[in-house]
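Have a look at this one before I ask anything.
When a ligand or atom number is given, it counts from 1 through the structure's own listing order.
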Amino acid sequence: MPMLVAARHAWIGAGRPLPDLRCETFGSSGSLPTETFRVRLKDSGIELEIPRERSMLDVLNTSGHDVMYDCKRGECGLCAIDVIDVEGEIDHRDVFFCDHQKRSNENICACVSRARGTITVDTLLRADAI
Ligand code: FES
């Protein structure tokens, strides 16, 4: 991924139009080491640990938080959830969001992306609406 990012920056830096750049990706291994991190659910008092070997999507769904998904490869964006706060750093491992969206840290693809530290998210699941 760093090579593809460098190629894209070089392409843009040379004044070439981004839509003319063709590349293919098969997911991203991220820029941070894979480690355990914590996810706090907005307004619920619930905090979940995401171990190294499991995805945030898997932990959220097995905990009953009902996050939609499709590809589980960071390509479709269906599993994207809102990020409210970051105490640490997000490692965006999807190929769905553009660089600008990743830098904003407003959303995260729960199927592949990870974090260092604790992030607060809003899954939009409302227990009183069920
Ligand atoms: S399920 Fe497709 S990007 Fe996460």
Tell me whether ligand 1 is touched by D70 - counting only heavy atoms on the residue side and a distance under 4.0 Å. yes
I need the single residue from R114, R116, E49 that forms a side chain to side chain contact (heavy atoms under 4.5 Å, CB included) with F37. Which is it?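 Among R114, R116, E49, the one that satisfies the side chain to side chain contact (heavy atoms under 4.5 Å, CB included) with F37 is R114.
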State whether C79 contributes an N/O/S atom found under 2.8 Å from atom 2 (Fe) of ligand 1.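 Under 2.8 Å: C79 has no N, O or S contact with atom 2 (Fe) of ligand 1.
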Side chains of P51 and V59: closer than 4.5 Å at any heavy-atom pair?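 Of all side-chain heavy-atom pairs linking V59 with P51, at least one is under 4.5 Å.
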Hey, are the side chains of I12 and L21 touching, using non-hydrogen atoms and a 4.5 Å cut-off?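 No, their side chains stay 4.5 Å or more apart.
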Is any side-chain heavy atom of T36 closer than 4.5 Å to one of R52?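 Yes, close enough: below the 4.5 Å cut-off.
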Within a strict 4.5 Å, meaning less than it, do heavy atoms of the H9 and D99 side chains meet?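 The answer is yes; the side chains approach within 4.5 Å.
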Keeping to residues at least two apart or across chains, list the side chain to side chain donor-acceptor pair (under 3.5 Å) pairs with something in residues 81-90. R40-E87, D82-N107
Check ligand 1 against G74 and write out every atom of the ligand that is under 4.0 Å from a heavy-atom position of the residue.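 Once the distances to G74 are compared, the set is 3 (S).
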Enumerated ligand 1 atoms positioned under 4.0 Å from heavy atoms of C76: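 So the atoms of ligand 1 that pass are 1 (S), 2 (Fe), 3 (S).
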Check ligand 1 against E75 and write out every atom of the ligand that is under 4.0 Å from a heavy-atom position of the residue.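 Numbered from 1, ligand 1 contributes 3 (S).
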Subset of ligand 1 atoms that lie under 4.0 Å from at least one heavy atom of C111: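 Matching atoms, with element in brackets: 1 (S), 3 (S), 4 (Fe).
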May I ask you to list the atoms of ligand 1 that are less than 4.0 angstrom from any heavy atom of K72? 1 (S), 2 (Fe)
What I want to check is whether the side chains of S55 and R93 have a donor and an acceptor closer together than 3.5 Å.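 Not at all, the side chains of S55 and R93 share no donor-acceptor pair under 3.5 Å.
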Within ligand 1, which atoms have a heavy atom of Y69 less than 4.0 Å away? 1 (S)
I need the nearest protein heavy-atom contact for atom 3 (S) of ligand 1: residue, atom name and distance, please.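 Protein heavy atom with the smallest distance to atom 3 (S) of ligand 1: G77 N, 3.2 Å.
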